[in-house]
Amino acid sequence: TQLLEQSPQFLSIQEGENLTVYCNSSSVFSSLQWYRQEPGEGPVLLVTVVTGGEVKKLKRLTFQFGDARKDSSLHITAAQPGDTGLYLCAGENSGGSNYKLTFGKGTLLTVNP
Amino acid sequence: ETGVTQTPRHLVMGMTNKKSLKCEQHLGHNAMYWYKQSAKKPLELMFVYNFKEQTENNSVPSRFSPECPNSSHLFLHLHTLQPEDSALYLCASSQGSKVQLAGRETQYFGPGTRLLVL
């Protein structure tokens with residue numbers, strides 16, 4: 001069974017601070033996706049990283065895929081209250097005929113004004 | 001806007017009731033998924049339909065029965081549920097493919113149905 005460990009589980013910071021959340025596994029994934037889920041809503045895809053070592057930027061968010069494609073990080077610069085939500089990482093399983101995602105438990109981020 | 005709708009948004013049912021959850025996608029996708037999201041647990045994949053064929057049943061108890069009449073609609077029929085089945089049930093869709101291409105299958109989620117079993 002492939003597992004994804006996300007840390008920290010909870011994070012509460014002040015507006016303007018920087019933060020990094022992590023997603024780690026002992027398994028290799030074909031790709032890794034980051035989602036944000038707001039209360040009462042389903043997860044919304046933020047980014048997909050495919051290549052080992054890949055870095056993608058989305059405004060104040062920077063995503064990195066580990067060289068070995070087993071881990072990933074999300075860095076937010078100058079966090080804003082609108083960044084509040086549950087951040088989920090999901091690894092795409094390698095091989096096979098079915099497309100499956102393995103999700104972590106998520107990091108619940110609260111950005112206080 | 002995700003283009004995936006779910007009804008009802010909230011459902012309270014007794015253990016002897018029969019109910020159904022509905023999911024509809026307006027994105028022209030061919031793959032649809034049911035997930036269960038419980039507190040303090042990762043999102044759990046329940047069922048996958050690809051081109052209307054069930055391709056995954058992740059050891060889900062038979063009291064959950066999926067139905068996919070066409071590529072736009074997905075149902076989850078519920079019967080004699082247990083209190084531990086209370087959770088947020090999420091539907092998702094993706095383009096779907098006969099050939100798996102890494103990183104090409106973005107899943108779009110609906111808002112979920114919050115289910116409480118009494």
Side-chain angles (χ1 to χ4, degrees), chain A residues 1-10 23-25 27-52 54 56 58 63 65 69 72 85-108, chain B residues 1-6 9-10 21 23 25 27 29-51 53-59 87-114:
Chain A
T1 304
Q2 295 174 303
L3 293 174
L4 276 167
E5 299 288 339
Q6 288 192 246
S7 61
Q9 190 176 350
F10 301 97
C23 176
N24 296 300
S25 176
S27 303
V28 176
F29 292 100
S30 302
S31 72
L32 200 134
Q33 303 181 2
W34 284 93
Y35 291 81
R36 181 171 64 216
Q37 185 177 17
E38 297 184 16
E41 300 296 329
V44 175
L45 180 69
L46 296 173
V47 78
T48 300
V49 284
V50 180
T51 307
E54 183 176 3
K56 280 193 175 178
L58 186 66
F63 304 85
F65 201 12
R69 291 186 287 127
S72 182
L86 179 67
Y87 287 82
L88 297 163
C89 67
E92 178 186 343
N93 294 352
S94 303
S97 59
N98 291 329
Y99 175 71
K100 287 175 63 175
L101 292 178
T102 299
F103 281 85
K105 292 183 183 180
T107 293
L108 185 60
Chain B
E1 184 180 352
T2 64
V4 180
T5 58
Q6 290 187 243
R9 293 294 307 273
H10 301 273
L21 310 185
C23 176
Q25 58 92 4
L27 301 169
H29 288 165
N30 295 297
M32 297 188 78
Y33 311 77
W34 279 117
Y35 286 90
K36 176 183 178 182
Q37 188 174 36
S38 307
K40 300 183 181 179
K41 282 187 175 182
L43 265 167
E44 299 171 63
L45 178 65
M46 299 175 72
F47 301 104
V48 181
Y49 280 82
N50 196 17
F51 290 85
E53 249 185 70
Q54 185 178 320
T55 55
E56 187 81 23
N57 177 338
N58 204 21
S59 304
L88 180 68
Y89 288 85
L90 290 161
C91 171
S93 72
S94 67
Q95 185 61 46
S97 175
K98 300 295 188 184
V99 177
Q100 186 180 16
L101 300 172
R104 299 295 182 263
E105 284 284 319
T106 299
Q107 290 190 14
Y108 295 85
F109 285 83
T113 294
R114 176 69 63 185

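Quick note on labels: first sequence line is chain A, next is B, and so on, each numbered from 1.
Contact of B:Arg114 with chain A is not made at all, since no heavy-atom distance falls under 4.5 Å. Heavy atoms closer than 4.5 Å to chain B are found nowhere in A:Glu38, neither backbone nor side chain. In this structure, chain B has a heavy atom under 4.5 Å from the side chain of A:Leu86, while its backbone stays farther away. Heavy atoms closer than 4.5 Å to chain A are found in the side chain of B:Gln37, but not in its backbone. With a 4.5 angstrom heavy-atom cutoff, A:Leu88 touches chain B only via side-chain atoms.
Residues A:Thr102 and B:Pro42 form no side-chain contact, since every pair of their non-hydrogen atoms from C-beta on lies 4.5 Å or further apart.
Side-chain contact of A:Gln33 with B:Gln107: a donor-acceptor pair under 3.5 Å is absent, judged by distance alone.
Here the closest non-hydrogen pair linking B:Arg9 and A:Glu41 is NH2-OE2, 4.4 Å. A:Gly42 approaches B:Leu90 most closely through the heavy-atom pair CA-CD2, 3.8 Å.
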Assess whether side chain to side chain contact (heavy atoms under 4.5 Å, CB included) is satisfied between B:Leu43 and A:Gln37, documenting all intermediate values. CA-CA 12 Å; B:Leu43 265 167; A:Gln37 185 177 17; 5.6 Å; no
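Atom CG in A:Leu101 sits 8.5 Å away from atom OG in B:Ser94 (nearest 0.5 Å). Atom OH in B:Tyr35 sits 4.5 Å away from atom CZ in A:Phe103 (nearest 0.5 Å).
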